[in-house]
Every structure is written in C-alpha cells, then in structure tokens.
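Atoms within a ligand are numbered from 1 in the order they appear, just like the ligands themselves. Values below: every heavy atom of this structure, side chains too, minus hydrogens, waters and symmetry copies.
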Amino acid sequence: ALKLRPDYPEARENFYRVANWLVERWHFLMLNDRGRNRKYQQAIQKAVQSGCNTVLDIGTGTGILGMCAKKAGAAEVYACELSKTMYELACEVVTANGMDGCIKILHMKSLEMEVPKDIPHRVSLVVTETVDAGLFGEGIIESLIHAWRHLLLPPQEQSATGRVIPAGATVFGMAVECLEIRRHHRLCVSEVGSLSLAAAGELRSPVSCSSEPDDSMEPYTTERLSRLPGGYKPLTEPFTALNIDFNNVQELEGLSSREVQKIHLPVTQEGELDALAVWFQLHLDEESSLSTGPQEDTCWEQAIYPVHSFLLKPLDELIVEVSCRDAYLRLCSVAVLRDGHEIRLDKRVDSQYTGNPISNQNPEAELCSALACLQTNQNQTKDFSMLECSEMALLNNHDYHQSFCSALAKLMSQLKVKWQNQERGSGVQSDSSDLLYVLDVSEGFSLLSLIAASHGHVKAYSSVEKKKQQEVLKRLARSNNIPEQHLEFWLNHVDDEHGILQRPSREKLWSAIILDCVETCGLIRQKLMEKASLARCLLEEGGRIFPEKIVVHGMLVESDTLLLESAVQGQEPTLGFNIAPFINQFTVPVHVFLDFSTLECRHLSECVELFVLDLMDATANYTNREVKVQATSAGRITAIPFWYHIYLDQEISVSTLSKNSHWKQAAVVLQQPLEVQAGDWVRLAVKLHKSTISMSIHG
Ligand SMILES: CCc1ccncc1CNCCCCSC[C@H]1O[C@@H](n2ccc3c(N)ncnc32)[C@H](O)[C@@H]1O
C-alpha cells in the first residue's frame with residue numbers, strides 16, 4: 001500500500017507498526033558497526049586466501065558477509081536466511097551490488113539444507129553471526145552441529161577441512177547490584193496507595209532461571225548495562241562461565257550434556273545481589289574477536305539473569321551454577337558461603353521486601369504476610385503469580401499509586417458532598433449503602449480498582465483478566481479490609497472497548513473511569529480518544545475520567561546513538577557495499593522503548609510543551625499544532641524525544657519521565673538532521689492522527 005500511495009496515512013501508520021516487527025532494530029546497529037564489519041571482512045579474507053574456496057553464510061540478513069566472501073575471491077558463495085523479509089532484501093542487495101549471478105541465496109533455515117539438494121557439495125567455510133546477547137539464543141549450536149554433519153567438509157579430510165567463522169566464543173559473567181533490574185523483576189515495596197501488599201503472595205517476573213528448564217519462563221532478559229538508569233555496581237570480578245570451540249563438533253555435541261559447573265566467586269564489594277550479567281567474546285579466528293561486554297563501547301546488550309535478592313558481604317563467596325541443558329545458557333546463583341557455612345539461595349522464598357521492613361502495619365496484615373510466607377514456603381514452586389516486567393515496575397512505582405490515591409480521594413469526597421447537598425435539597429434520604437462506582441480499564445495488572453475501593457462507599461470494577469492475578473487482588477482486598485462485595489471483575493471477556501465500557505447496571509452510571517493512556521514503549525495507546533469519548537457518556541453528573549488530560553513534552557537533541565539505531569548511515573560503515581537504501585526502507589520515524597534519562601545526546605533546546613490531549617472535553621482537542629522552539633546551543637538536530645505529563649486532575653499529575661516510571665520514552669528521529677546555531681528558532685509541526693504522534697521540523 002505504501003509503495004502505491006506513499007502519503008496514505010493509514011498505510012503509513014500500519015507500515016511503521018509492521019516494520020518494527022518485520023525487521024529487528026539491531027540490523028541498523030549491526031550494519032553501522034564498522035568495527036564489527038571490518039573484523040568479519042578480514043577474517044573472511046584470511047580464510048579465503050588460505051584456501052577456503054566454497055562458502056556458506058548462515059543467517060545472511062542483508063547479505064553483507066556473503067558479499068565479503070565473494071569479494072575476497074571465493075569461487076562459490078551460498079547464503080541462507082529464514083526470514084522472508086530479510087531473504088527478499090538480501091536478494092535486492094546482492095543484485096544492487098552486481099553479485100546476483102555469483103551468490104546463491106536460499107530462503108530457508110540452515111537445518112533444512114542438504115547436499116546436493118540445496119548446495120552441490122560440502123563447503124570449506126561457514127560464516128555466521130546467528131547470536132543474541134545470551135550467545136545461543138538464535139540456535140547457533142544446533143545450526144553448527146547440523147552444518148558439521150551435512151554441509152561442511154568433514155574434519156577428517158587431510159586436504160581441505162571445513163572451518164567456521166567465528167571459530168569460537170568465551171562467555172563471561174559478573175554479579176551485579178542494580179536497582180533498575182530489581183524493580184523490574186521483584187516486588188520492592190510493602191505498600192502502595194495506602195494498600196498493604198503483605199498478602200500479595202509471591203510475585204515473579206517471566207525471567208527466572210531455575211535449573212530445571214521451564215518453558216513458561218525466559219532464562220534471561222537483555223539490557224544495555226552501560227545505559228541503565230542509575231547504573232550498576234559489580235559485586236564480583238568478571239568470571240569465565242564457558243568456552244566453546246565452534247570448530248570442534250564433538251565439543252558442540254557434548255555441550256548440552258556437559259555437567260553443571262559450580263563456580264565460586266569472591267564478593268569484591270558489599271551490595272544487594274540483583275542479577276548475573278553475561279556477555280561474550282566472539283573469536284572470529286585466532287587473531288581477532290568481537291566483544292559484547294558492558295565495559296566496551298560496544299553497541300550490544302548483555303544477557304541479564306535476575307537472581308534471588310541477597311545482601312552480599314565482602315568475605316562472602318557466591319556460588320553460581322552454569323549449565324546449557326537445553327539450547328540456552330543457564331546461570332543461577334545457588335548459594336552464599338559465609339564463615340564456612342552455606343546459605344542456600346535457590347530453596348528459600350525470595351525475600352519479597354529487600355531492605356524495606358514491613359513496619360507499622362496492622363497486626364492482621366503482619367499475620368497475613370507470615371501466612372503468605374508460610375504458604376509459599378510449602379509449595380513455593382506453584383502458587384506464585386507472574387507479572388510482566390513492566391507490571392512489576394509499575395507495582396513498584398510508589399508515586400504513581402500515591403497520585404491516583406489522592407486524586408481518587410478528592411473525587412470521592414466531592415461526589416459524597418454533592419450527594420449530601422442533593423439529599424438536603426430533595427429531602428430524599430439515600431440509604432448509606434448508596435455507592436460510588438469506579439471502573440478501572442487499565443491494561444494488565446492494576447491495583448487502581450482496589451485503591452479506589454479502599455476509600456469506602458465505593459464499588460470498584462477491575463478489568464484484570466488473569467485468574468491468578470484476580471486471586472492476588474482478592475487476597476489484598478481481604479487483608480486491607482475491603483469488603484469482598486466492593487470488588488468485581490468486569491466484562492473482561494469482551495475485547496472491544498464498547499464491551500468493557502458499559503453502564504455498571506441499568507440505573508447506574510460511573511463515578512470514575514480509569515483509562516490506560518500510554519503504552520510502556522512510550523506511545524499513546526491506540527483508540528484512546530475514542531475510548532475517552534465513549535467513557536464520558538457513561539459518567540454520572542460530576543463523574544470524572546482518569547486521567548483528564550495528557551500534555552506531551554519534548555526537546556530538540558543531537559544524538560548519533562539514535563541515528564545509529566534507526567538507519568544505516570551511508571555506505572562507508574557497510575564496507576562500501578550499497579546496503580543502506582534497502583534496509584532503510586524499514587526505518588520508522590518514531591523510536592520507542594528509549595531510556596531518555598541515559599541517552600547519550602546533546603540537549604539543543606529546553607523542554608517544550610508539544611501537544612495537549614483533553615480527555616474530558618473533546619471540543620478542546622485539535623489534530624495538529626505548530627510549536628516554535630528556540631535552539632539553546634549550536635548543533636545538528638537529529639531527534640525529538642518526547643514524554644507525557646498525565647494529569648489525574650487539575651493539580652495532580654504523573655510524568656512518564658519520572659525516576660521510578662515504568663514507562664520508557666519515544667523519540668522522533670529526523671532522517672535529515674537540521675543544523676542550527678544558538679538562538680535559532682525552528683518550527684515543529686506536531687500531528688496527532690489515530691493516537692499516533694508525528695512531527696516534522698522546519699528551519
Ligand atoms: C556481536 C553480535 C551480537 C551480539 C549480541 N547481540 C546481537 C549481535 C548482533 N547479531 C545479531 C544477529 C541476530 C540475528 S541472526 C541474523 C539473521 O540470521 C537469521 N537466522 C538465524 C538462524 C538461522 C538459521 N539457522 N538459518 C538461516 N537463517 C537464520 C535471522 O533471521 C537473522 O536475520
């Protein structure tokens with residue numbers, strides 16, 4: 001559709017959503033990494049010059065490594081790529097670089113390839129970079145075992161034996177304290193919005209690396225440690241977790257049956273153990289290697305294994321187990337050696353509140369928390385509830401819940417006063433059971449319905465869907481003395497907003513409706529304005545929507561990092577091959593999941609108000625706005641990061657840029673940077689179409 005009518009906004013928005021999905025963002029990072037490209041090129045040249053004449057590029061992506069092999073003089077070059085989009089793109093790239101006649105590209109997974117069906121004979125060299133931050137996440141081990149068995153010249157041939165680039169890898173690990181990781185993976189607070197969380201039971205993020213593989217969990221997550229807000233504190237020296245030789249097929253085949261390795265790590269700094277960080281060195285050949293370590297200025301993320309919280313002291317020894325039972329590299333911290341005796345970490349319930357004593361709470365909550373621990377101790381493997389990382393970070397966001405608690409309290413008391421006035425006026429005595437009705441349609445796990453119900457005389461409806469999570473809410477209602485009948489789970493089987501947004505009952509309207517406005521990635525939720533207008537019709541006199549207003553703020557920045565993550569910058573980084581125009585078709589103008597607080601960039605203006613969305617008064621809204629912004633210093637404007645101040649009422653607002661925010665930010669990345677001098681004025685044209693914000697800049 002875009003090719004047919006490039007200006008058609010619907011197609012454009014849809015394409016941007018699809019593009020993010022079709023082509024992973026790391027393609028841009030990888031292709032802009034000239035150091036990486038050169039090292040691969042040199043290793044390939046050396047191998048071809050030393051006799052590797054037939055080459056197979058596994059996971060060719062844009063085709064760059066296959067083209068290196070051809071240019072280095074290899075007689076036959078084959079490439080395979082499992083993603084259809086990348087396969088088609090590689091064909092275009094190879095043709096554009098005049099090599100379509102001499103590189104055969106297959107749209108298939110290497111594991112399906114056979115000799116002579118797909119390639120005429122076994123090859124002397126396999127090149128590949130099918131690795132992720134945890135090294136094995138793209139299946140490189142399985143791919144290489146298959147390649148050694150079916151596609152590579154077997155090692156026993158005296159003459160030319162097959163080889164793999166990279167030749168092997170060394171995996172490193174390190175124990176770290178990191179608040180940003182902790183608040184995304186475990187509960188760190190004992191109460192939110194005047195609710196005690198003692199009875200919540202064990203809450204876990206999807207990332208948990210128990211030694212027995214459990215496919216409902218991911219073994220690790222990924223983070224750029226050098227860019228995490230608040231940074232991290234190493235608690236041990238880096239240790240070697242694993243060495244693997246990709247040219248030794250016995251070693252590759254033996255990997256999954258290697259016995260679990262126990263590593264003793266002397267603690268070098270006192271601190272809270274939050275995670276094991278893992279990275280690796282990719283040995284391309286004997287001389288050159290690539291590293292994904294946090295200390296390098298590498299663009300790659302590290303693999304993060306959140307582990308049981310535990311306060312480590314300098315003389316402790318942390319015992320870590322390393323295994324690769326299934327295809328994944330698994331690390332877990334199993335025990336701490338202190339004064340000669342072993343404290344098991346993996347058997348105990350994770351101490352939910354690290355460092356925050358459950359103080360000054362009512363005795364029954366104390367009893368509940370003791371019971372909860374007792375309960376989880378017995379069958380700790382079963383009764384835990386899973387929260388997404390963003391839901392865990394939201395739960396830990398104390399200010400967010402406090403703001404809602406205050407704003408809801410204000411509304412509830414206003415409405416109760418209104419009733420009393422009406423009663424006095426009409427003389428009709430409404431029975432005290434008359435309740436205010438609050439609907440919380442937040443996405444995912446939300447406690448806002450409970451916070452509303454805790455104000456008394458409120459019947460709250462929650463759209464939490466998952467049974468386990470509903471159990472958590474019911475437990476919290478009980479332990480916070482909220483009457484069972486004041487909490488209901490609402491119509492969560494219907495998916496369209498018309499279904500969820502209905503009157504609470506025939507004669508009743510809502511006193512408050514809580515909407516979810518901003519996605520974790522930093523974009524406005526789809527159909528927000530439609531939902532808001534529907535919700536407004538369902539409010540009783542004086543009722544409110546939360547939030548009532550969203551103000552978009554932003555600023556002009558110069559950031560090479562954002563450019564490198566959003567488009568390939570010319571031909572030079574890609575070894576002179578013409579690749580950029582092809583992969584840049586998948587550039588999207590808005591970059592999401594950005595940590596603006598740690599982005600390397602130069603601020604070229606103050607923060608400015610870009611747009612206002614009024615959810616209580618549709619007539620106050622516009623679809624585009626021109627904003628004049630003054631450059632405060634000279635530079636090249638390459639991006640406009642933006643975030644939101646979410647107004648719960650006239651006075652109370654939460655910012656999506658605040659320190660404990662569970663939200664990330666977004667940024668418009670300009671394809672043509674704009675040079676400015678200090679004092680220059682630029683005009684920003686800001687548009688909102690179907691909840692999608694777009695911006696263009698004019699000198
Ligand atoms: C310093 C390297 C680094 C370190 C840490 N983080 C990231 C990186 C950068 N590497 C990222 C590549 C990761 C994606 S793999 C690249 C392309 O290969 C394709 N594929 C994957 C397996 C496979 C197969 N068996 N047969 C055919 N095709 C295959 C994928 O569809 C993808 O397009």
Side-chain angles (χ1 to χ4, degrees), residues 21-40 43 56-66 78-91 93 104-114 118-119 126-152 164-166 168-172 220-227 246 252 277-284 288-294 296-304 327 329 564-565 568 573-574 579 582-583 586:
W21 177 74
L22 273 182
V23 166
E24 309 266 356
R25 303 294 94 189
W26 44 251
H27 277 292
F28 300 114
L29 262 181
M30 202 163 63
L31 292 164
N32 279 320
D33 186 346
R34 65 170 56 78
R36 166 215 174 249
N37 300 336
R38 279 210 196 104
K39 283 186 177 176
Y40 261 103
L56 168 61
D57 175 3
I58 294 180
T60 194
T62 55
I64 185 168
L65 298 185
Y78 308 95
C80 68
E81 170 50 62
L82 64 82
S83 132
K84 183 111 173 66
T85 310
M86 292 315 296
Y87 160 72
E88 288 167 354
L89 196 136
C91 296
V93 167
K104 180 182 179 193
I105 305 182
L106 300 160
H107 171 220
M108 58 197 301
K109 189 162 176 149
S110 63
L111 302 176
E112 296 149 12
M113 288 177 63
E114 287 169 31
D118 301 298
I119 53 177
V126 157
V127 295
T128 186
E129 194 192 70
T130 50
V131 297
D132 72 335
L135 187 59
F136 300 147
E138 292 281 348
I140 190 168
I141 297 298
E142 193 187 0
S143 302
L144 291 182
I145 291 173
H146 171 268
W148 276 112
R149 285 184 183 148
H150 306 286
L151 307 174
L152 263 165
V164 178
I165 292 178
T170 305
V171 181
F172 299 95
Y220 56 84
T221 182
T222 63
E223 296 285 357
R224 283 265 295 265
L225 278 173
S226 60
R227 271 218 207 145
F246 292 147
L252 291 170
V278 163
W279 63 93
F280 55 86
Q281 254 185 336
L282 216 46
H283 308 297
L284 299 186
S288 101
S289 68
L290 287 170
S291 171
T292 65
E296 338 266 318
D297 64 350
T298 169
C299 55
W300 303 115
E301 297 181 317
Q302 290 74 46
I304 300 296
L329 180 70
L564 295 176
E565 289 184 6
V568 175
T574 53
I579 295 179
F582 302 93
I583 189 75
F586 295 95

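Within the 4.0 Å heavy-atom criterion, the part of T292 lying near ligand 1 is the side chain and not the backbone.
Looking only at atom types and distance, the side chain of T130 has no donor-acceptor partner in the side chain of E138 under 3.5 Å away.
The distance from ligand 1 to the heavy atoms of S143 drops below 4.0 Å at these ligand atoms: 25 (N). Heavy-atom proximity to F280, at under 4.0 Å, picks out these atoms of ligand 1: 4 (C). Those atoms of ligand 1 with a heavy atom of M108 less than 4.0 angstrom away are 27 (C). The atoms of ligand 1 that sit less than 4.0 Å from any heavy atom of K109 are 24 (C), 25 (N), 26 (N), 27 (C).
Distances from atom 13 (C) of ligand 1 to the heavy atoms of D132, V131, L135 show the closest one on V131.
At a 4.0 Å cut-off, not a single heavy atom of L111 sits close enough to ligand 1 to count as contact. In this structure, G139 has no heavy atom closer than 4.0 Å to ligand 1.
For the side-chain contact (heavy atoms from CB on, under 4.5 Å) with Y40, the lone residue among V127, I64, L284 that qualifies is L284. No option in I119, I58, L111 other than I58 meets the side-chain contact (heavy atoms from CB on, under 4.5 Å) test with C80.
Among all non-hydrogen protein atoms, the one lying nearest atom 1 (C) of ligand 1 is W300 NE1, 3.4 Å. Residue, atom and distance of the protein heavy atom nearest to atom 22 (C) of ligand 1 are T130 CG2, 3.5 Å. For atom 26 (N) of ligand 1, the nearest protein heavy atom (residue, atom name, distance) is S110 N, 3.0 Å.
Considering backbone and side-chain atoms alike, E81 places an N or O below 3.5 Å from some N or O of ligand 1. Between E129 and ligand 1, an N or O atom pair is found at a separation short of 3.5 Å. Looking at L82 next to ligand 1, an N or O pair under 3.5 Å apart turns up.
Using a cut-off of 4.0 Å between Lys/Arg side-chain N and Asp/Glu carboxylate O, E81 and K109 are scored as not salt-bridged. A salt bridge links R227 with E565: the closest approach of a Lys/Arg side-chain nitrogen to an acidic carboxylate oxygen falls below 4.0 angstrom.
E112 is linked by a salt bridge (charged side-chain N to carboxylate O under 4.0 Å, His left out) to nothing, counting only residues two or more places apart in sequence or in another chain.
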